[in-house]
Amino acid sequence: MSLLDKIKEPNDIKQFDDGQWKSLAAEIREFLIQNVSKTGGHLASNLGCVELTMALHLVLNFPKDKIIWDVGHQSYTHKILTGRQEGFARLRQLGGMSGFPKMVESETDVFETGHSSTSISAAIGMAEACELKGEDSTIVAVIGDGSFTGGLAYEALNNLGQLKSSCMIVLNDNEMSIDENVGGMSSYLNKIRVGQVYNEAKTGVEKGLMNIPGIGEGIAKVIKRGKDSIKELLVPGMFFEDLGITYIGPIDGHNINGMIDTFEAAIKLKRPVVVHVKTIKGKGYRYAERHPKHFHGVNPFDIQTGKPLVKQTKMTNTGVFARKMLALGEEYPNLVAITAAMASGTGLEKFANVYPRRFFDVGIAEQHAVVFAAGLAREGMIPVVAVYSSFLQRAYDQILHDVCLQNLHVIFAVDRSGLVGQDGKTHQGIFDDAYLTSIPNMTVIAPKNRYELTKAMEYAVKFNGPIAIKYSRGDAFYGLKEQLAPIEQGKSEILSEGKEVALLAVGNMVEEACKACEILEQKGHKITLVNARFVKPIDVDMLDYIAKEHKAVVTLEEQVYNGSYGQAVAAYYMRKGCQNLTVKNIAIEDKFVEHGEVEDLRKLLQMDAQSVAGVIEDLL
C-alpha cells in the first residue's frame, strides 16, 4: 500500500514521520504527472509547491485553520492531502473536480479563487472575523511572486500593516532556480528574527533606554535609526518591515523541515508575517522544469516526450491576432502592444521580439494596463491592450473613466470571449458584452471567422475612439471565406436569406448557427442567417428589414443574457412596437457556468446546433 493511499481525510499527513516525507512528495509528483497527462490542467505550478503544501498541512489543523490559495491553480496537492485523489480522474471535466478551490468539494477549500492578487485581502478579512468571534484559527494566504505585481496585493498589505491582523502570508517565489539567499546567512537571519529571544531582547533594550532620564529617549532613537538603516542594507524584506509586517526569507521551498520550523515560529508571533519561499516551477518533471511556461496549463500529453497527444492543426484565433499584429506593426510605427503578464497567452510574444520597444508587459495589473494605454493614446500612439475577457473585467472603471469618457483611441483585443471550458466559473468570458456595451463611446466587434478578425483589426487601427474586438479561445473558424462584406460602422451581414425566421448569431456562434441551418435545411426549412458582427452599435436598419420580412427573430450568443446583444435587439423591437414579431433569445441565463469541454457545456446550456435547430423548429 502506497503512502498516498493512506490519505483519506484532512490531517492524515500527520500519521507519517519525517523519514517518509520525501517518499510521499515523490508519490504526489508521480500522481500529478500521471493524472494531468490524461486530463490536462495546471502542472508546473503544482509540481513546484508539493513540499510547500505538505509543510503547511503538517503545521496546520483543518478545518480550524485555513489556507487561501491565490489564483488557486496551484491547489492540486492540497486537494490530494484532503482526500480527493479519486476526483483527479475527471479533473476539469463536466461534473468532475474543479482545477481551482471549490467550497462544495471540501470544507478545507475556504475561499474560491481564479484571478490573482486576492488572497491577502481575503486572509485579512477572515483573520479579523476569527478575532471578533474569539476563535483561535491560523489563517494563511499562499500567493505567487507573479500575483505580487497586482495592485490589490499592495492595497491589502497596506491595510494589513494598519490592522496588525494575525495571519501568515506565504510568498511562493517560483522562479527557475533557488538563488544564493537560500543559504547560511539567510537561515541565520530568519532564526534570530523570528526567535522569541531576539524579539524580546529587541523590545527590552528599547524600553530600557527609554527609561533613562533626559538622554534615554534620544539615544534610543539614534540607535534605532542606525540599526534600521544598517538593517535595510543587510536584511531583505524591508519593504514589508516598513509596513509593519515581519518578513522572513527567502527559505528553501523544497526543505520540509526548514519550512515547518519557520511556519511554526511565524505563527507563534501572533502578528502579520510574510514568509518568502523559493520553489522551482515544474520540479520533478524535466520537461516542466525546462519549459515551465509551456506546462503552466496543458492539454493531455505524452509523459515520455512531454508533447501534446493531440497536435494543433488549425490556427487559433489568438494566432490569427498575433500574425496580424506583426503586419500592422510594420505598417503603423505608432502601434504599440500592451499585455498584463500574458505575452504568450495573448500571442504577443512575436510582436515583442520584433518590436521590443513598442511592447509593454505591465504584470498582473489590468487596471494599470488600461490607464497606461489611455496615456499612450493621448499622445498619439495606437495602443492595443490584449487581455483575456475574464481578466479585462477587472478594469471596468478604467475602461469607462479613463478611456471611454475621454473617447480615446484604445483597441481592446478581448481574447477568450465566450465559454473557455475547463477552467470553469472564474475564467468563462461570458460577461464582456454586459460590461463593454454599457459604456458610452465604446464600439464592440465580434468577428465571425479568422478572415473577419483580420479585417476587424485593420478597421480598428483606423477607427477614431475606443473599440473592442472579441474572439473565442481555440481554433479559428475557416468557413464562410467568400462571404465577407466590407466592415462599416454598426453594420451587420446577411449570410443567407430564407423565410419566416431570422437567426442572428454573434461572433464565434456563427459557426454553430451554420450547423443549425444545415440541420434545418435537411428537414426542408430555409431560414435567414445574419452575422451580427457589431455588438455595439446594433444594426437597426437590418433589424427593421428583418421585422418586415419575417415572423420571428432568434438571437444566438455565448454570453449572459443580461446586457447582451440579444437583450438589446429585444429592447429595440419592444420600443418599435413590433407586436407581431416573436423574439427568442438564446444566451446564458443569470448564472456562472461550471467547468467542462466547450462542446459539453453548449449542450448543457442548450446552445449547440441541435438545440438551436430545435428552438427554430418550434417557432416554425
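- Open room surrounds CD on E330; 12 or fewer heavy atoms of other groups in view lie less than 6.0 Å from it.
- Under the 3.5 Å distance criterion, the side-chain polar atoms of N464 are left unmatched by any main-chain donor or acceptor of H409.
- No side-chain donor-acceptor contact under 3.5 Å links T149 to the backbone of D145.
- Under the 4.5 Å side-chain criterion, counting only non-hydrogen atoms from C-beta, M457 is in contact with M325.
- With hydrogens and angles ignored, the 3.5 Å screen pairs no side-chain donor or acceptor of E128 with any backbone N or O of I124.
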Working for side-chain contact (heavy atoms from CB on, under 4.5 Å), residues V170 and V140: CA-CA 7 Å; V170 177; V140 179; 3.8 Å; yes

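- Interatomic distance, CG of L604 versus OG of S611, reported as 10.0 Å (0.5 Å rounding).
- In this structure, CD on Q428 lies 7.5 Å from CD1 on I588, to the nearest 0.5 angstrom.
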Carefully, step by step, assess S389 and F412 under the rule side-chain contact (heavy atoms from CB on, under 4.5 Å). CA-CA 10 Å; S389 171; F412 296 95; over 6 Å; no

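- K481 NZ: 12 or fewer foreign heavy atoms inside a 6.0 Å radius.
- At a threshold of 4.0 Å, the pair K470-D433 counts as salt-bridged, since one of the basic side-chain nitrogens sits closer than that to a carboxylate oxygen.
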Check against salt bridge (charged side-chain N to carboxylate O under 4.0 Å, His left out), K515 and D608: CA-CA 9 Å; K515 296 175 185 176; D608 61 302; over 6 Å; no

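- Atoms CD and OG, from E511 and S472 in turn, are 8.5 Å apart once rounded to the nearest 0.5 Å.
- More than 12 heavy atoms of other residues, nucleotides or ligands sit less than 6.0 Å from atom OH of Y478.
- Ionic pairing of K448 and E493 is present here: one or more N-O contacts between side-chain nitrogen and carboxylate oxygen are shorter than 4.0 angstrom.
- Between H42 and F100, the distance separating the two ring centers is shorter than 6.0 angstrom.
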Donor-acceptor pairs under 3.5 angstrom involving side-chain atoms of residues 370-380: please list them, not counting sequence neighbours.
none

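- Between Y355 and F351, the angle of the ring planes lies from 30° to 60°, which puts this pair in the tilted group.
- Contact record, I143 with A153: CD1-CB, 4.3 Å, taken as the closest heavy-atom pair.
- More than 12 heavy-atom neighbours from other residues, nucleotides or ligands sit within 6.0 angstrom of CD on Q489.
- Ring pair H276/F240: centre-to-centre distance not below 6.0 Å.
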E458 vs T454, side-chain contact (heavy atoms from CB on, under 4.5 Å): CA-CA, chis, key distance, verdict: CA-CA 7 Å; E458 293 173 1; T454 297; 4.1 Å; yes

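- When the shell of 6.0 Å around NZ of K425 is examined, it contains more than 12 heavy atoms from other residues, nucleotides or ligands.
- Residue N46 holds its CG atom at 9.5 Å from NE2 of H296, rounded to the nearest 0.5 Å.
- Two residues are said to be in side-chain contact when any heavy atoms from C-beta on lie closer than 4.5 Å; I399 and V410 fail this criterion.
- No side-chain heavy atom of F534 sits less than 4.5 Å from a side-chain heavy atom of D539.
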Could you walk me through whether K455 and I445 satisfy the side-chain contact (heavy atoms from CB on, under 4.5 Å) test, starting with their C-alpha distance in whole Å, then the side-chain angles of each, then the deciding distance to 0.1 Å, before giving a yes or no? CA-CA 11 Å; K455 294 298 181 183; I445 302 179; over 6 Å; no

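- Residues Y459 and I469 form no side-chain contact, since every pair of their non-hydrogen atoms from C-beta on lies 4.5 Å or further apart.
- In the model, D415 has no side-chain atom that pairs as donor or acceptor with a side-chain atom of T346 under 3.5 Å.
- In terms of heavy-atom proximity, K164 sits nearest to L243 at NZ-O, 4.1 Å.
- Using a 4.5 Å heavy-atom cutoff, the side chains of Q422 and E597 are in contact.
- When all heavy atoms are compared, the tightest approach of L503 to C517 is CD2-SG, 4.4 Å.
- Closest approach of I439 to C404, counting heavy atoms only: CG2-CB, 3.4 Å.
- Looking at heavy atoms from C-beta onward, L157 lies in side-chain contact with I169 at the 4.5 angstrom threshold.
- Checking side-chain atoms of H427 against main-chain N and O of H115 turns up no donor-acceptor pair under 3.5 Å.
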Given side chain to side chain donor-acceptor pair (under 3.5 Å), test N508 with E558 step by step and report yes or no. CA-CA 8 Å; N508 62 323; E558 219 168 54; 2.8 Å; yes

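- In this model, no donor atom of one side chain and acceptor atom of the other lie less than 3.5 Å apart for T113 and D70.
- Atom CG of N299 has 12 or fewer heavy atoms from other residues, nucleotides or ligands within 6.0 Å.
- Donor-acceptor pairing under 3.5 Å is recorded for the side chains of N531 and E452.
- To the nearest 0.5 Å, atoms CZ (F359) and OG1 (T339) are separated by 6.0 Å.
- Atom CE of M574 is surrounded by 12 or fewer heavy atoms from other residues, nucleotides or ligands within 6.0 Å.
- Proximity of a side-chain donor or acceptor of N407 to a complementary backbone N or O of G465 within less than 3.5 Å is not detected.
- Side-chain atoms of H401 never come within 3.5 Å of backbone atoms of D397 as a donor-acceptor pair (strictly under, hydrogens ignored).
- Separating the CD1 atom in I120 from the OG atom in S165 is a distance of 12.0 Å, to the nearest 0.5 Å.
- Residues I364 and G146 share a closest heavy-atom pair of CD1-O, 3.4 Å.
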Take Y572 and D544 through the test side chain to side chain donor-acceptor pair (under 3.5 Å) and record every step on the way to the result. CA-CA 10 Å; Y572 176 77; D544 290 342; 2.7 Å; yes

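- Between L601 and G421 the shortest heavy-atom distance is CD1-CA, 4.0 Å.
- Of the charged side-chain nitrogens involved, at least one lies within less than 4.0 Å of a carboxylate oxygen, so that R92 and D423 count as a salt-bridged pair.
- Distance alone, capped at 3.5 Å, places no donor-acceptor pair between the Y471 side chain and the A476 backbone.
- Using a 4.5 Å heavy-atom cutoff, the side chains of K281 and S45 are in contact.
- Looking at N585, its side chain never comes within 3.5 Å of a backbone N or O of T555 through a donor-acceptor pair.
- Annotation: side chain of E512 is not in contact with side chain of F477 (no heavy-atom distance under 4.5 Å).
- No more than 12 heavy-atom neighbours from other residues, nucleotides or ligands sit within 6.0 angstrom of CD on Q606.
- Checking side-chain atoms of R394 against main-chain N and O of Q367 turns up no donor-acceptor pair under 3.5 Å.
- Between the Q559 side chain and the D432 main chain, a donor and an acceptor come within less than 3.5 Å of each other.
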